[in-house]
Amino acid sequence: MLGPETSDERLMLAFQAGDARAFEALVRRHRTPVFNFILRFVGQRARAEDVLQETWLKVVRSAGEYQAKARFTTWVYTIARNLCVDSARKESYRQAASLESPVKGENGEEGRALSDALPDSGASPERGAFNARLRPLLERALAALPEEQREVFVLREYSGIPFKDIAEVTGVSENTVKSRMRYALDGLRRRLAELGVDGDLAEDGRTVVG
């Protein structure tokens with residue numbers, strides 16, 4: 001019987017067997033983080049919504065090709081990334097998306113802004129004020145990263161994808177993924193310093209306030 005604890009892979013196998021509720025559960029579980037990734041890749045909200053729809057349609061059409069030995073998250077993010085690349089090739093220009101506020105998913109749920117992806121070190125008013133000031137600056141710094149670095153950072157910090165799986169999604173080695181993550185963190189540190197943020201980013205992407 002399917003339930004909240006059912007793994008993505010079991011849900012996908014159930015969908016292959018004809019259980020539409022399993023697909024609905026997968027969409028509810030993953031649509032917001034997948035949309036966050038797509039938005040920060042294509043840079044336009046309207047186009048991101050189109051790519052998100054194309055991603056789930058591709059999941060439906062390719063369901064028969066899915067094999068349980070593959071993690072569902074790796075599979076769906078690979079689909080989303082390939083569609084993002086196709087979208088970028090088709091676009092003659094791209095308009096930078098406004099990333100100053102948390103992303104909302106299809107059902108109105110708030111996605112995770114970058115500062116929300118970084119653990120809160122406390123619930124004090126001072127910390128809350130810092131996060132409120134930090135969020136738009138972090139988003140601006142993230143948008144300024146090279147695409148390959150931003151992609152790795154978003155997959156790791158927004159979606160919680162392990163480095164090994166990110167390597168499969170992006171088609172590069174795990175060492176290359178880790179290198180891009182380090183460059184992303186370095187770039188964010190520099191940009192945040194330029195924007196006057198009195199803090200730092202640890203190796204895992206967490207904000208360390210000085």
Side-chain angles (χ1 to χ4, degrees), residues 32-48 51-52 77 80-81 84-85 87-89 91 93-105 110-163 165-167 169-210:
T32 296
V34 170
F35 181 73
N36 285 342
F37 167 70
I38 293 170
L39 177 60
R40 286 166 175 82
F41 197 114
V42 303
Q44 293 178 322
R45 184 175 296 274
R47 186 56 188 151
V51 174
L52 180 67
Y77 277 100
R81 181 182 185 271
C84 286
V85 171
S87 175
R89 288 172 179 165
E91 292 291 305
Y93 65 90
R94 285 195 261 172
Q95 179 180 356
S98 173
L99 301 177
E100 298 297 316
S101 59
V103 173
K104 287 187 180 293
E110 285 195 348
R112 301 173 71 198
L114 178 54
S115 54
D116 295 327
L118 308 178
D120 192 352
S121 64
S124 68
E126 293 82 4
R127 178 65 178 179
F130 175 79
N131 280 341
R133 181 174 70 90
L134 181 64
R135 177 177 290 117
L137 299 180
L138 280 168
E139 295 287 6
R140 286 170 59 186
L142 179 62
L145 289 177
E147 187 174 274
E148 62 184 21
Q149 295 174 24
R150 184 171 66 251
E151 173 183 55
V152 168
F153 189 92
V154 170
L155 285 170
R156 178 67 173 175
E157 293 299 321
Y158 282 78
S159 303
I161 307 298
F163 286 128
D165 294 345
I166 295 175
V169 170
T170 57
V172 298
S173 70
E174 187 173 349
N175 284 338
T176 298
V177 167
K178 291 179 178 178
S179 177
R180 290 178 180 178
M181 184 67 173
R182 286 193 295 271
Y183 282 124
L185 291 171
D186 289 342
L188 289 173
R189 289 190 187 100
R190 287 194 301 270
R191 182 58 178 158
L192 288 173
E194 293 171 0
L195 294 171
V197 175
D198 183 18
D200 200 358
L201 290 173
E203 286 302 317
D204 59 356
R206 297 167 186 250
T207 300
V208 180
V209 182

Handout entry: Phe153 and Leu185, any side-chain heavy atoms less than 4.5 Å apart
Key = yes

Practice task
State, with a plain yes or no, whether a side-chain heavy atom of Arg45 is found less than 4.5 Å away from one of Phe35.
Solution key: yes

Handout entry: Leu145 vs Tyr183 side-chain heavy atoms within contact, under 4.5 Å
Key = no

Handout entry: Check: Leu155 and Asp165 side chains under 4.5 Å, non-hydrogen atoms
Key = no

Problem - Sub-4.5 Å side-chain heavy-atom contact between Ile166 and Met181 - result: no

Practice task
State plainly whether the residues Lys178 and Glu174 are in salt-bridge range, i.e. N to O under 4.0 Å.
Solution key: yes

Problem - Check: Tyr158 and Leu142 side chains under 4.5 Å, non-hydrogen atoms - result: yes

Exercise for the section: Indicate yes or no for a side-chain donor-acceptor contact from Arg40 to the backbone of Arg150 under 3.5 Å, with no hydrogens or angles considered. Expected result: no

Problem - Check: Leu138 and Leu192 side chains under 4.5 Å, non-hydrogen atoms - result: yes

Problem - NZ or CZ of Arg156 within 45° of Phe163 ring axis and under 6.0 Å - result: yes

Practice task
Kindly give the heavy-atom pair with the smallest separation between Val34 and Tyr77, and that separation in Å.
Solution key: N-OH, 3.6 Å

Practice task
Decide yes or no for Leu188 and Arg191: does some side-chain heavy atom of the first lie under 4.5 Å from some side-chain heavy atom of the second?
Solution key: no

